[in-house]
Amino acid sequence: DTGVSQDPRHKITKRGQNVTFRCDPISEHNRLYWYRQTLGQGPEFLTYFQNEAQLEKSRLLSDRFSAERPKGSFSTLEIQRTEQGDSAMYLCASSLGEGTMSEAFFGQGTRLTVV
Amino acid sequence: GIQVEQSPPDLILQEGANSTLRCNFSDSVNNLQWFHQNPWGQLINLFYIPSGTKQNGRLSATTVATERYSLLYISSSQTTDSGVYFCAVKTSYDKVIFGPGTSLSVIP
């Protein structure tokens, strides 16, 4: 296992279409996070899972966004009815830990362009 | 919510120079990480440093949690050090919050 894997690396879609991204965390990492990063900004938290439970969602995550981690392993992030403002880099991270003292590792991201 | 500030926002260095990047945070944190984001967008872990001092080659970091700041030192900078450096903190709610980053350019 070489790290957090995200697929696809790049996605171009027309406005109004639905898109789905996948994240495979580091094996045995129980926590998984999704972030969004726009040009010139730091990553912004979207949501996080502990095992299969989605424990927190940001206000940035509108009702067009949904994330799942059905078996506590890989996760998917779906955006419905994409808008141009959804264009960004979507980053996934994972960590291992029961408490808050755990190091997060990031994938290479999925760059979404909505045209 | 917690605020994370980084300074300077931009930095240009001559190759071989040293620099110090600063991260201030507004509340108690449970851990802190420094990342380097390369031109392809990959976030590379530099340090996991909730407190104390760590060194890794030309890089070192110090976190003084009681005073709510962390410093990243880069010595003998190289062109490959260019990119954006982020400080990220984790609060008791287990959410990792990123600062705005310091954009570093090292010129030959």
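Heavy atoms only: backbone and side chains are in, while hydrogens, waters and symmetry mates are out. Keep in mind that this is a model prediction, so the values were computed, not measured.
By the neighbour-count criterion of 12 heavy atoms within 6.0 Å, atom CD1 of B/I44 is densely surrounded, having more than that number from other residues, nucleotides or ligands. Counted within 6.0 Å of CD on A/E52, heavy atoms from surrounding residues, nucleotides or ligands total more than 12; the atom is thus considered enclosed. Counting heavy atoms of neighbouring residues, nucleotides and ligands inside a 6.0 Å radius, atom CZ of A/R15 does not exceed 12 of them.
If you measure heavy-atom distances from B/Q37 to chain A, the contacts under 4.5 Å come from the side chain alone. Of the atoms belonging to A/Q108, heavy atoms from both backbone and side chain fall under 4.5 Å from chain B. With a 4.5 angstrom heavy-atom cutoff, A/L91 touches chain B only via side-chain atoms. Looking at A/E44, there are no atoms closer than 4.5 Å to chain B (heavy atoms on both sides), in backbone or side chain.
Interface remark: of the candidates A/A93, A/P43, A/S58, A/G107, A/P43 forms the most heavy-atom pairs closer than 4.5 Å to chain B.
Annotation: cation-pi pair A/R22/A/F74 present, NZ/CZ under 6.0 Å from the ring centroid and within 45° of its normal.
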Requested in this report: Kindly indicate, with the supporting measurements, whether the criterion side-chain hydrogen bond (donor to acceptor under 3.5 Å, both in side chains) is fulfilled by B/T62 and B/T53.
Outcome: CA-CA 4 Å; B/T62 295; B/T53 297; 2.9 Å; yes
